[in-house]
Number of protein chains: 2
Amino acid sequence: MTTNIDQPFNREVQYAAKRLAVIRSAAGAFRRRGYHNTSMVLIAKSLGLSKAALYYYVKSKEEILYECHIMVYGAMDEAVKSVRGQGENGLEKLKLLYGAFAALMTRDGLALLADVDSLKGEFQATVLARRGKIERAVTRIVEGGMKDGSIKKSDPKVTVFFFMGALNWLNVWYEPGGRLSGEMIADAFVEQMSVGVAS
Amino acid sequence: MTTNIDQPFNREVQYAAKRLAVIRSAAGAFRRRGYHNTSMVLIAKSLGLSKAALYYYVKSKEEILYECHIMVYGAMDEAVKSVRGQGENGLEKLKLLYGAFAALMTRDGLALLADVDSLKGEFQATVLARRGKIERAVTRIVEGGMKDGSIKKSDPKVTVFFFMGALNWLNVWYEPGGRLSGEMIADAFVEQMSVGVAS
DNA sequence: AACTTATTCGACCTGAAAGTCAATCTCTAG
DNA sequence: CTAGAGATTGACTTTCAGGTCGAATAAGTT
């Protein structure tokens, strides 16, 4: 991966790195305190900047939220891609994917934000589209598993929403560095999910 | 149950009924749009009132959110109480309880709000305490099931958070009157949860 | 009818947080 | 070394939603 350190004199790279730092830092604050309980001043201060400087990197607070969402869905798209062709059947494939999702949340500090309603117009439409795309990808895998007999037959949508909900709820209670390690949680989630849906 | 219609001339009863209507209406709006995306003017309008009139029934917007939380946890406490002594083992007891929880969400229109961070001081402390109480009650049942052999042994907290997350996520996607009926969802959730945790 | 109390409202106040901008500091290319 | 682009800031404006208040209306009581 290319980091800012690789090209300390390339201003575009530096700019992109700093912009990313803003998004990341905000994402963490949004996850902990919620979007509306996090002011731009707070985001700025946590980076040692003034609020005005933030607007050198982003157009608006809403844009930050948008980028937070896109970042997660981008990583999820990657995870979906990475299980293509993997796994002997639908269930195995689903376990791999769900494990990857759980790792994103616990290891990479990403978080499914629920604040879609705070986005307007194009922003919201795009995020909803991306979310729909992921949901469909997961649902397709589940349906595949139902066909090949590895996953118990029932309404695929309800099945998917059940275990995706657990993922979202992670944001609320999981604290890195706590008693429960990320790997432990991810493993337990995969286990509980897979047993719940298996034939 | 006592309704406002029972005592149309009792002012205290009328007042309480109207106050409840405010809370309920707000709860629905909070669930759909989120707390911060719902203005007091909007809540008022949806009841055919002016904003000022709202403040005759509640002290602040935060109090409404608080009451929304309390309403849900109250109903959950009832559900916990109603399964006391029921069920042959931990798993059966858990299925009853979880089914009751799911019914609260789908049938009674209640919703676990995630916006705990928008509450301050005493309000937040109380809500967190109530949530903790429910979590402990559920965890105790799970631990009981692990002891009597009906539930697979693993970390109880992770186990509980997994299926409680699914419940919370319901708020985001479930729309009454849609393709999926409330009963259907509740049944599917109980099934998927119980298979996931059973020995 | 007169009086009291409950309920509702329009108009206003206020504070917090998003967003802007001209001025300033800091790099680095030449 | 210095000019000019890049980066950052303090101070300001703007907007909007929560909350207040006194007046007006409705309802109930005697």
Side-chain angles (χ1 to χ4, degrees), chain A residues 4-23 25-27 29-30 32-68 115 117-121 123-124, chain B residues 4-5 7-23 25-27 29-30 32-68 113 115 117-121 123-124:
Chain A
N4 53 329
I5 306 211
D6 291 346
Q7 305 186 39
F9 297 113
N10 184 326
R11 278 186 151 147
E12 275 184 42
V13 170
Q14 291 301 308
Y15 178 90
K18 285 181 184 176
R19 190 183 131 98
L20 189 63
V22 169
I23 315 269
S25 172
F30 291 168
R32 285 188 297 275
R33 284 187 248 288
Y35 177 68
H36 288 284
N37 297 317
T38 306
S39 71
M40 290 297 268
V41 177
L42 194 113
I43 297 171
K45 266 194 195 150
S46 77
L47 290 161
L49 288 176
S50 71
K51 180 177 60 163
L54 241 47
Y55 285 89
Y56 184 65
Y57 295 102
V58 295
K59 215 183 134 303
S60 67
K61 190 185 180 189
E62 201 186 335
E63 188 187 83
I64 298 184
L65 181 60
Y66 172 74
E67 294 287 7
C68 290
D115 259 303
D117 295 300
S118 303
L119 294 170
K120 327 221 177 225
F123 276 156
Q124 185 179 77
Chain B
N4 52 332
I5 306 216
Q7 304 185 41
F9 297 112
N10 183 325
R11 276 184 154 154
E12 276 184 41
V13 170
Q14 290 301 308
Y15 178 90
K18 286 181 183 174
R19 189 184 132 98
L20 189 63
V22 168
I23 315 267
S25 172
F30 290 169
R32 285 188 298 273
R33 283 186 252 287
Y35 177 67
H36 288 283
N37 298 316
T38 305
S39 71
M40 291 298 267
V41 178
L42 195 109
I43 298 171
K45 265 195 196 152
S46 75
L47 290 162
L49 289 175
S50 72
K51 181 177 58 163
L54 240 47
Y55 285 88
Y56 183 66
Y57 296 102
V58 295
K59 213 182 135 302
S60 67
K61 190 185 178 187
E62 201 185 336
E63 190 188 83
I64 299 183
L65 181 60
Y66 172 76
E67 294 288 7
C68 290
L113 288 276
D115 262 301
D117 296 302
S118 303
L119 294 170
K120 329 223 177 224
F123 277 155
Q124 186 179 79

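Note on naming: letters A, B, ... go to the chains in the order of the sequence lines (proteins, then strands), and numbering restarts at 1 for each one.
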Give a yes-or-no answer on whether the side chains of A:H36 and B:S118 include a donor-acceptor pair shorter than 3.5 Å.
-> no
Taking only side-chain nitrogens and oxygens of B:Y57, does any of them come within less than 4.0 Å of OP1 or OP2 of C:dT8?
-> yes
Are OP1 or OP2 of D:dT8 and a side-chain N or O of A:Y56 less than 4.0 angstrom apart?
-> no
Counting side-chain heavy atoms from CB outward, which of C:dT8, D:dT9, D:dG19 is closest to B:A53?
-> C:dT8
Reckon B:S39 touches a base, only the sugar-phosphate, or nothing at all at heavy-atom distances under 4.0 Å?
-> sugar-phosphate
Separation of A:Y55 atom OH from C:dA22 atom C1', in whole Å?
-> 18 Å
Distance in angstrom units between A:K51 NZ and C:dA18 C1', rounded = 6 Å
Over all heavy atoms of both residues, which pair between A:M40 and A:V58 is shortest? Give the atoms and the distance, please.
-> CE-CG2, 4.5 Å
When the distance from NE2 of A:H36 to C1' of D:dG18 is rounded to whole Å, what number comes out?
-> 15 Å
Tell me, do B:Y35 and B:E62 make a side-chain contact under 4.5 Å, heavy atoms counted?
-> yes
Smallest separation among heavy atoms of A:Q124 and A:D117, with atom names | NE2-CA, 3.5 Å
Of the listed nucleotides C:dT8, C:dT7, D:dC21, the one nearest the side chain of B:A52 | D:dC21
Please report, rounded to the nearest Å, how far the C1' atom of D:dG28 is from the CD atom of B:Q14.
-> 13 Å
Quick note, B:Y15 side chain, CB onward, closest among C:dC9, C:dT7, D:dA7 is C:dT7
From CD of B:E63 across to C1' of D:dG19 the rounded distance in Å is 13 Å
Let me know the distance between NZ of B:K18 and C1' of C:dA6, rounded to the nearest Å.
-> 9 Å
To the nearest Å, give me how far apart CZ (A:R19) and P (D:dA7) are.
-> 14 Å
Distance in angstrom units between B:M40 CE and C:dT14 P, rounded = 19 Å
DNA chain D: 5'-proximal contact among B:T38 and A:G48 (nearest heavy atom) | A:G48
Out of curiosity, A:K59 NZ to A:Y66 OH, how far, rounded to the nearest 0.5 Å?
-> 13.0 Å
